[in-house]
Structure formats: structure tokens, C-alpha cells
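Taking it in order: structure first as C-alpha cells, then the write-up.
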Amino acid sequence: MAITKRADDYSQWYLDLIFQAGLAENSAVRGCMVIKPTGFALWEKMQAALDRMFKETGHVNAYFPLFIPKSFLAKEEQMAEGFAKECAVVTHYRLKAIPGQGVIVDPEAKLEEELIVRPTSETIIWNTYKNWIQSWRDLPLLINQWANVVRWEMRTRLFLRTAEFLWQEGHTAHATASEAEEETRRMVEVYRQFAEEYLAMPVLVGPKSEGQKFPGAIYTLCIEAMMQDGKALQAGTSHFLGQNFAKAFDVQFTNAQGQREYAWATSWGVSTRLIGGLIMTHSDDLGLVLPPRVAPLHVVIVPIFRKEDEKLAVYEAAHTLAKSIREHPRSAWLNYEPITVKVDDREQHQPGWKFADWELKGVPIRIELGPKDLEKKTCVIARRDIPGKEGKQMGIPLEGAAQYIADLLPQIQRALFDKAKKFRDAHLRTANTYDEFKQMIEEPGFIWAHWDGQRQTEELIAAETKATIRCIPFDRPIEQGKCMVTGAPSHGRVIFARAY
RNA sequence: CGGGCCAUAGCGCAGUCUGGCUAGCGCGCCUGCCUUGGGAGCAGGAGGCCGCCGGUUCAAAUCCGGCUGGCCCGACCA
């Protein structure tokens, strides 16, 4: 029943929380999860906000096939190499029923060319773009897809790494390199904004090292977040693909000067992994803590009463209050969606049980309403981000409660971001020597260190310490130094950490 | 793919070593009473092919053989 404490076993806490809050569970299919209604509602909130931001930056949605002919994957060499080891492959198109033995794969029904279940859609999409792009006037092509993808991972963890996951993948085509690079940068900025303003999750933004970039990319920009155990989570990536895919799929257009050119590409994505990141950024030993801007339910009202007449009066007041909150003027801050409220009228549970239950579910605001409050025409408002007595405000007049809540939600959002940022910054440290680094990496957090820019050096560090370069932040200080391993010159520190 | 462990009620487990009684416990579920301002209490009740197949035995959850599924630890990863 009780959730494992974070301090005792962080990963067990994470799993306990997901099961008990009812976000997801393991399915009958190895490595694939069932996202339960509560978890999916969270995903829908994220989708809605992101989709809006994509549209505001000029993108439109489309949908491409789940299956990709095997030969497509081979056309872009780096991609084939990067994903070959984790692809699900469809080899047959039919089963055969054998009486008494169930079904077998019909050996007669072998596909001429195997189909890959998409691990990402660059190949099928660029194969399609070939037909869509002829002129510079067809560009830019700014398309996003909401989809599921499959990567056959050896070891999986709910939300963070599952064999199948939900995501969005943007795939754009541009007439010039600089336009595509601008797009790459624009979209990582959209992700930063989403992570920080909706998920209240502070992130570092910048390129990945050569060794960590996406297969097939010229470079990869990322947002990188720190979890409460000090490990890094890659929360979103935006890739500049150069002309790699245009060349692989022969996507050429005629420019304004009448010359044939290959198109320039970007791709960018975030996934249901963000739900894992959200959990590991804010939640506590009592359960989930949701930032108001992505919380499917903002307010829950717990009625308290003894006798039948009290019950009637309390319920009536609770529903009146709920109505006043729902009908409160909408704000841009919630994308003009209403504040969502639920009156917890479950008769089989007592108030104390309900308090704990809603804390587990992460609802940002809980209102307690009982006979004592009704006498004074007030209510008690409790903040999820400040558990216990300190987060309770007594004597809020029922009249002004809706306004109070409308004001409180942004404060909670802000407090969550500030707390997470304070934690992140407190766990950003600097190492000057490799010995110092090795010692520091055993403690939670990120480390700023000088690196010579060489892939082999990063690989050596990873092999010896399990730490990788997470990000080369755009806003890092310019600082001349020497690589902590090789002593070769470095023009600035990069961020190292152990990662999920 | 290497190493370790597990399979008994919806969930978590005991029982297996040393074969034998009606297979048990906690949580959850159902009914009723009582309670409700931080995870209440009492009473009654439902729920099992003991993973599957075979063997030993008068007798198997328990011993033996095989199979299947799952979990954990390592190498790969959004």
C-alpha cells in the first residue's frame, strides 16, 4: 500500500508510484506498457499543449505508415547502423489454424520483402517527400506526426524506456541549410519552453556530442533534465539532418535560379518518456505531484459530514463551489480551458483516506468542505506541492474561492519550477581533474568539465565512469582549459552525467 | 545472449526442505451495522485445475523429469 520512500530505493519508488497512482502497468507483451486512463489523460494534456505550439510555429499534422520496407532503412547508412539492433520485423502476412494445436505462422505466406515496424519515420517520410517536393515553392514542408514507434529494447522501464512508445515526430524539408538549421533551433526552443513552462521542468539546452547524436544527423540539439536522483534524462531532441535523407531518397527540387538541389531536413521528437521525467522531477513520497498546466484535474473537493442533514448541506455547497470554479473566466494561461473540478462523493471512503488518495494522484489543489466551514461560509484549501498542515489555508470564503484558486494555480506552477531549478542548480558541480571527476560522479548531479572534443575520450570516460556528455549548453561560459583526461585544449566545459 | 531467482485467490505472500487432515494469511472485493476534519471499527460472505505436461506413490502444492512464462543483475538505448 505505502509507496517505497525515495531515499530507500528511488527506482522502486518510481514504479510504486506509477502503479499506485494508476498511470500505467506492464502488459502481457514483454516491454510494452498499458497506459491507464489517468496516465493517458496526462499525455493528452501534453499533446494538446505541444500540438498547439507546433501549429503556432507553422506545422501541420499528417500520418505515415507503421511499416517500413526493410530496404528503406538501409538507404541511410548511419540510420541502418543505429537502429538495426532494435527493430521488430514482420516476415509473414498470415497465420494458419491447425486443429487441436492452435495457430502457426503460415510458411506459404512469407513476405517478399520484410517490413520493419518503424523505430522512427525519417525513411518512409522522405521516400514520400520525394513525390511532394519539386520546386522551391513546395518548401518549407513542415509536418508533424503523432504516432507510436517500436524499439526492441533489452531492458525496459515504464515510460522511460518501453519497447513501444507514443511520441510526436516532426519532419521538415527546407530549401537552404540555414533555414533548416533555424528550424532545428526553433523546435528545440519549443521543447525548452514546453518543458519549463508546462512541465515546470528546468532543462539545459544545446547540442549533443558527436557520440551522442542521432544516427543520420549532422548534429542533434537536446533538452536535458535532471531527475531527483541526480541522473540525466534526455527529454527532447531536434536534429539537423543536412541533406542526408534527401540524398538517400533522391529528394531534389528546382530552386529559383532553375538549378536542381537536394532538400535540407530536420526531425524532432518528444515521447511518453516525458511522463517519466515529470514524475521524477516533482513527485514525492506521498505520490504524484502534477504541475497545474498539465494536470488533467486541477481541484478536488472532499466533502466532510456526520449526519444526513449535514451531508445534504455539504454536498450542495460542494457542487455550488465546483460550479463557480468551473465557470470562472478562462485564462490564456490554461489555453482558455476551464479549471477542472471534481467532487469526491465516494461513500465507501472516509475523508482521511480521500486526502491520501488525491495526494497520491497528484491533484494540485484539494478543498476540504465540512459543517464547520459551512457555518462560516468558508472552506479549507490545501496545496499538493506543500504537503501537510503548512500547505493548508483555512477560512477561505466560498464567495472568493474560485478567484483564489485561479490565482493559486500559477503560483503552484511557479513554485514547482523554482524548486526543481534550485535542486538542479545545487547539483551542478565543476570538476577540474579526472580524479576529482571520478569522485564527484559517484554523487548525484551533473558535472561541468573540460573535454577535448574527441569521441574516443568520451567513450573512455563512459567506460570508466558510466557518465556521458549530456549536453553542450548554448549558454555555457566561454572558458579556455584543458581536457581533464588528455590535457588537450578545450574552449569550454560540457555537461557530464549518468543518464536514464 | 551470459549469471541468479520465481510461478499457490484480483494483488502481495506463507505452506514445499521432512508427501497425508476442509490449502492458509494480509490487502482488496460483496452485504449489513457503525463511522466520517489525515489512510476507522465490528459481523457475515464470495473468490483456488497450487503455471503446463508427464513420472514415482495407497496418497503430490510438496518428490523426480521435461516444458512454458515472468522477474532481477550485466553488454545496447528516446
Side-chain angles (χ1 to χ4, degrees), chain A residues 1-3 9 11-12 15-16 19-20 25-31 81-87 118-120 147-157 159-169 191 208 211-215 217 220 222-225 232-239 267-277 286-287 302-308 310-311 314-315 344-361 366-375 378-380 382 387-389 391-392 394-395 462-463 466 468 470 499-500:
Chain A
M1 191 75 200
I3 305 176
D9 184 343
S11 41
Q12 193 56 47
L15 290 175
D16 285 357
F19 287 131
Q20 292 189 34
E25 59 191 39
N26 285 310
S27 71
V29 183
R30 191 196 139 80
E81 205 179 310
F83 286 105
K85 285 169 288 179
E86 50 186 47
C87 282
R118 61 181 167 216
T120 180
N148 57 339
V149 287
V150 168
R151 297 181 188 175
W152 210 263
E153 300 289 351
M154 287 300 171
R155 298 194 54 206
T156 58
R157 297 188 72 191
F159 292 117
L160 296 177
R161 177 162 295 108
T162 46
E164 178 193 18
F165 56 95
L166 306 184
W167 76 345
Q168 59 69 217
E169 47 182 325
Y191 289 155
K208 285 280 180 197
Q212 300 288 325
K213 74 173 190 191
F214 176 76
T220 291
C222 69
I223 55 169
E224 200 76 20
L233 185 78
Q234 178 172 306
T237 45
S238 181
H239 316 291
S267 70
W268 28 273
V270 296
S271 71
T272 35
R273 168 176 254 207
L274 284 176
I275 296 174
L286 298 175
V302 178
I304 300 158
F305 50 83
R306 288 166 183 274
K307 294 169 293 232
E308 192 63 19
E310 284 178 347
K311 175 176 156 181
V314 167
Y315 270 125
D344 187 352
D345 57 4
R346 290 176 292 179
E347 306 240 314
Q348 69 269 37
H349 297 299
Q350 293 172 285
W353 192 94
K354 292 177 180 177
F355 296 166
D357 190 50
W358 291 112
E359 276 162 354
L360 176 62
K361 304 259 165 67
R366 181 183 71 240
I367 301 179
E368 304 172 13
L369 192 61
K372 284 188 249 168
D373 302 295
L374 288 196
E375 276 175 32
T378 62
C379 61
V380 176
K389 252 190 193 152
K392 277 196 195 189
M394 317 280 181
K466 290 183 184 158
T468 49
R470 302 314 307 163
Y500 277 102

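By convention in this document, chain letters (A, B, ...) are assigned in the order of the sequence lines, proteins followed by strands, and residues within each chain are numbered from 1. Quick note: numbers below take in every heavy atom, side chains included, and nothing from hydrogens, waters or symmetry partners. These numbers come from a predicted model, not from an experiment.
Note: CG (A:N148) to C1' (B:A78) measures 14 Å, nearest angstrom. Straight-line distance from the CD atom of A:Q348 to the P atom of B:G41: 16 Å, rounded to whole Å. A:E86 places its CD atom 16 Å from the P atom of B:A75, with the value rounded to the nearest Å. Atom OH of A:Y191 and atom P of B:A78 are 15 Å apart (whole Å). Rounded to whole angstrom, the span from the CD atom of A:E25 across to the P atom of B:G70 amounts to 16 Å. B:A40 atom C1' lies 13 Å from atom CH2 of A:W353, rounded to whole Å. Atom pair A:N26:CG and B:G69:C1' shows a separation of 14 Å (rounding to whole Å applied). Straight-line distance from the NZ atom of A:K466 to the C1' atom of B:C76: 14 Å, rounded to whole Å.
Interatomic distance, A:R366 CZ to A:E359 CD, rounded to the nearest 0.5 Å: 5.0 Å. Between the NZ atom in A:K213 and the NZ atom in A:K208 there is a gap of 13.5 Å [rounded to 0.5 Å].
Partner assigned to B:A43 is B:U31, using Watson-Crick or G-U wobble distances below 3.5 angstrom. Searching all strands for a Watson-Crick or G-U wobble partner of B:G19 with both distances below 3.5 Å returns nothing. Pairing partner, B:C49: none, since no Watson-Crick or wobble contact has both distances short of 3.5 Å. Look at B:A59: it lacks any Watson-Crick or wobble partner with both distances under 3.5 angstrom. Here B:C1 sits opposite B:G74 as a Watson-Crick or G-U wobble pair (both hydrogen-bonding atom distances under 3.5 Å). Of the nucleotides present, B:C11 is the one that pairs with B:G26 by Watson-Crick or G-U wobble criteria, both distances under 3.5 Å.
When the C1' atom is used for both B:G51 and B:C34, the distance is 43 Å, rounded to whole Å. Between the P atoms of B:A59 and B:G69, the separation comes to 32 Å (whole Å). With P as the reference atom, B:U16 and B:A61 are 14 Å apart, rounded to whole Å. Using C1' as the reference atom, B:G55 and B:U62 are 15 Å apart when rounded to the nearest Å. When the C1' atom is used for both B:C29 and B:G47, the distance is 9 Å, rounded to whole Å. B:A7 sits 10 Å from B:G15 when the P atoms are compared, rounded to a whole Å. Atom P of B:A23 sits at a distance of 31 Å from the matching atom of B:G70, rounded to the whole Å. Rounded to whole Å, the separation between the C1' atoms of B:A14 and B:U8 comes to 10 Å.
Contact record, A:V314 with A:I304: CG2-O, 3.3 Å, taken as the closest heavy-atom pair.
For A:E81, the CD atom is loosely surrounded, since the number of other residues' heavy atoms within 6.0 Å does not exceed 12.
In this structure, A:G388 and A:R470 both approach RNA chain B, and ranking their closest nucleotides by distance from the 5' end singles out A:G388.
A:K389 pairs by the side chain to side chain contact (heavy atoms under 4.5 Å, CB included) definition with nothing, not counting sequence neighbours. By the ring-ring contact (aromatic ring centres under 6.0 Å, His included) test, A:F165 pairs with A:W167, sequence neighbours left out. Taking A:Y315 as the reference, A:F305 meet the ring-ring contact (aromatic ring centres under 6.0 Å, His included) condition, with sequence neighbours excluded. By the ring-ring contact (aromatic ring centres under 6.0 Å, His included) test, A:W358 is found to be paired with no residue, residues two or more places apart in sequence or in another chain being considered. By the ring-ring contact (aromatic ring centres under 6.0 Å, His included) test, A:F355 pairs with no residue at all, sequence neighbours left out.
Of all nucleotides listed (B:C76, B:A78, B:G38), B:C76 comes nearest to the side chain of A:K85.
Counting non-hydrogen atoms under 4.0 angstrom, A:R366 reaches a base of the nucleic acid. Nucleic acid contact class of A:E153 (heavy atoms, under 4.0 Å, all strands): base. Looking at heavy-atom distances under 4.0 Å, A:T468 makes no contact with the nucleic acid at all. Among the protein residues, A:T237 comes within range of no part of the nucleic acid, since none of its heavy atoms lies under 4.0 Å from any strand. When heavy atoms are screened at a 4.0 angstrom cut-off, A:L160 is found touching base atoms of the nucleic acid. Residue-level contact check: A:K208 touches neither bases nor backbone, having no heavy atom under 4.0 Å from any strand.
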Along nucleotides 30-37 of chain B, 5' to 3', which nucleotides get a B, which get an S, and which get a -, given that the test is a protein heavy-atom distance under 4.0 Å? -----BBB
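In this structure, a donor-acceptor pair under 3.5 Å is present between the side chains of A:T468 and A:R470.
Remark: ring of A:F165 stacked against base of B:A78; centroid gap under 5.5 Å, plane tilt under 30°.
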